[in-house]
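Structure, as structure tokens:
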Amino acid sequence: MELRGLDSNGKQFKNAEEMWREQIGEEGEPHKKTQWYREGVSYWEGVEASVDGVLGGFGKVNDVDIKGSEAFLQTLFFERFNNAARTQHLVALDCGSGIGRITKNLLIRHFNEVKPQVVSFMFDLTSVHGEVILSEEIISLSDFKAFVHPVMMHFDCMVDLLEPVSHFLDAARESLASENHVASDTHKAANFFCVPLQEFTPDAGKYDVIWIQWCIGHLTDDDFVSFFKRAKDGLKPGGFFVLKENIARSGIVLSVSTTIFYDQKGLPEELFAVKMYALTADMPKKVHKTRSKTRANRPGIIQ
Ligand SMILES: C[S@@+](CC[C@H](N)C(=O)[O-])C[C@H]1O[C@@H](n2cnc3c(N)ncnc32)[C@H](O)[C@@H]1O
């Protein structure tokens with residue numbers, strides 16, 4: 001498919017190949033690719049380590065973003081851990097973590113408190129229905145009830161953060177220090193990796209969830225593909241990636257910050273569409289007897 005595009009200076013491209021040729025050159029010009037990655041990181045090195053900074057001035061979308069992600073993550077947990085009374089030890093990786101916004105507001109908190117979260121979310125769903133339907137991924141009230149009622153689970157969690165910009169990672173370490181202070185060894189932000197995604201290979205079979213939000217656009221197409229090929233070996237059996245990213249309504253949009261986004265419900269109109277994808281190397285067992293949105297959103301197989 002031929003997709004036209006433009007960069008943030010308004011320069012037009014006939015298609016993706018032309019855009020990449022201009023940005024990272026041909027084979028035999030590795031310095032151009034190095035320059036591409038250098039510019040991506042340099043941009044963020046000049047940005048304040050705050051929620052507003054990592055969200056390109058749209059700090060106000062933090063809450064709605066986290067709520068949408070939470071609903072999506074719960075459907076995935078429901079698929080994976082349905083009705084099992086057991087202790088789960090969960091490990092997540094927050095890729096391109098910035099200041100640790102997602103770890104702090106979603107991953108650590110959510111992994112710690114799955115059951116109470118679901119209960120309060122169920123009440124939200126009945127009382128302020130319209131406000132809670134933030135994404136296509138929401139599951140039905142009967143699914144929530146089925147989930148909440150029989151489940152007795154205890155979750156321990158550990159989150160690793162990966163971020164190439166050191167002042168962001170320092171801010172993450174500082175802001176997560178208070179959680180780590182009160183946490184047990186199996187219940188905290190554990191590792192802070194100051195490396196870019198294209199140079200990272202996770203330990204084999206380590207992660208339940210690899211969360212990649214608003215950073216994959218920094219990778220070239222070939223590095224994007226090779227990252228997923230490498231990183232899928234970093235998943236535990238039944239583990240999954242969550243990829244949350246801006247999607248242009250048409251054509252290609254090239255932006256160094258990749259922080260312009262629109263379309264997840266509840267986000268300002270001027271922003272890009274935001275889609276969430278769950279990807280896994282092995283399908284979880286089917287748990288639903290009735291048709292539901294959850295089923296429609298079952299993770300797909302990585303080819
Ligand atoms: C829009 S911010 C999003 C931060 C975080 N995911 C969030 O949603 O709060 C983009 C992040 O990607 C990081 N980044 C830039 N180049 C990267 C690369 N090659 N690999 C991984 N992360 C990168 C930036 O430093 C920045 O923290």
Side-chain angles (χ1 to χ4, degrees), residues 8 23-24 33-70 72-73 92-110 159-173 175-176 189 191-202 209-228 230-231 234 241-247 253-262 264 267 271-272 274-277:
S8 44
Q23 296 299 319
I24 61 166
K33 195 174 183 182
T34 307
Q35 175 72 5
W36 159 273
Y37 281 119
R38 185 66 242 137
E39 280 172 13
V41 166
S42 297
Y43 171 84
W44 290 107
E45 282 172 345
V47 170
E48 182 189 86
S50 65
V51 170
D52 219 29
V54 294
L55 295 182
F58 284 93
K60 64 183 177 188
V61 307
N62 177 59
D63 287 355
V64 79
D65 164 56
I66 296 292
K67 267 193 168 179
S69 297
E70 201 162 55
F72 190 55
L73 196 52
L93 173 67
D94 183 357
C95 296
S97 66
I99 59 165
R101 182 185 70 87
I102 299 163
T103 294
K104 190 175 176 105
N105 295 307
L106 177 74
L107 298 174
I108 274 204
R109 191 169 61 81
H110 191 91
V159 183
D160 289 346
L161 292 85
L162 174 148
E163 166 58 49
V165 171
S166 58
H167 82 287
F168 283 172
L169 206 57
D170 291 344
R173 208 181 271 111
S175 111
L176 291 160
N191 296 298
F192 296 82
F193 302 121
C194 195
V195 283
L197 270 185
Q198 70 275 12
E199 290 172 18
F200 182 74
T201 303
V209 178
I210 298 183
W211 195 277
I212 308 157
Q213 179 166 350
W214 288 328
C215 64
I216 203 74
H218 284 289
L219 266 55
T220 62
D221 287 357
D222 56 338
D223 285 343
F224 174 105
V225 171
S226 73
F227 169 71
F228 278 99
R230 287 194 312 278
F241 296 97
V242 173
L243 178 64
K244 185 164 185 177
E245 202 42 81
N246 303 333
I247 308 291
V253 179
L254 184 66
S255 152
V256 74
S257 69
T258 71
T259 48
I260 324 164
F261 32 88
Y262 60 90
Q264 176 186 304
L267 293 177
L271 303 178
F272 274 101
V274 176
K275 299 270 183 199
M276 288 180 267
Y277 303 90

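Counting convention: from 1, in listed order, for ligands and their atoms alike. These numbers come from the heavy atoms of this one structure, side chains and all, not from hydrogens, waters or symmetry mates.
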When only distance counts, is Tyr37 in polar contact with ligand 1, meaning an N/O pair under 3.5 Å? no

Under 4.0 Å between heavy atoms, the region of Trp44 that gets near ligand 1 turns out to be side chain

Distance under 4.0 Å to a non-hydrogen atom of Glu163: what atoms of ligand 1 satisfy this? 13 (C), 24 (C), 25 (O), 26 (C), 27 (O)

Within the structure, does Pro164 bring an N/O atom to less than 3.5 angstrom of an N/O atom in ligand 1? no

Quick one about Asp222 and Thr220 (side-chain donor to acceptor, distance below 3.5 Å, no hydrogens or angles considered), yes or no? yes

What atoms of ligand 1 come closer than 4.0 angstrom to any heavy atom of Cys215? 12 (O)

Pair Glu163 + Arg173, salt bridge at N-O below 4.0 Å: no

Would you say Leu197 has any N or O atom under 3.5 Å from an N or O of ligand 1, going by distance alone? yes

When every non-hydrogen atom of Ser175 is compared with those of Ile99, the smallest separation belongs to OG-O, 4.3 Å

Decide whether Asp65 and Gln213 meet the rule of one side-chain donor and one side-chain acceptor closer than 3.5 Å. yes

Return the orientation label for the Phe228 and Phe241 ring planes: parallel under 30°, perpendicular over 60°, tilted otherwise. perpendicular

Residue-level breakdown please: for Ser97 versus ligand 1, do any non-hydrogen atoms fall below 4.0 Å on the side chain, on the backbone, on both, or on neither? backbone

Just let me know how Asp94 lines up against ligand 1, side chain, backbone, both or neither, with a heavy-atom cut-off below 4.0 Å. neither

List every atom of ligand 1 that sits less than 4.0 Å from any heavy atom of Pro196, numbering the atoms from 1 in the order shown and giving each element. 18 (C), 19 (N), 20 (N)

Only heavy atoms of Gly96, strictly under 4.0 Å: list the atoms of ligand 1 that pass. 4 (C), 5 (C), 6 (N), 11 (C), 22 (N)

Quick note on ligand 1: atoms under 4.0 Å from a heavy atom of Val165 include exactly 25 (O)

Nearest atoms (heavy-atom pairs only) where Ala231 meets Pro202: CA-CG, 3.7 Å

Please report the shortest heavy-atom distance between Phe200 and Arg230, naming the atom on each side. O-NH2, 2.9 Å

For Ile102, the ligand 1 atoms with a heavy-atom partner under 4.0 Å come out as 6 (N), 7 (C), 8 (O)

Does Ser50 reach the main-chain N or O of Gly53 with its side chain, forming a donor-acceptor pair under 3.5 Å? yes

So between Gln198, Lys244, Gln213, whose heavy atom ends up nearest atom 19 (N) of ligand 1? Gln198

Residues Cys95 and Cys215: closest non-hydrogen pair is O-SG, 3.4 Å

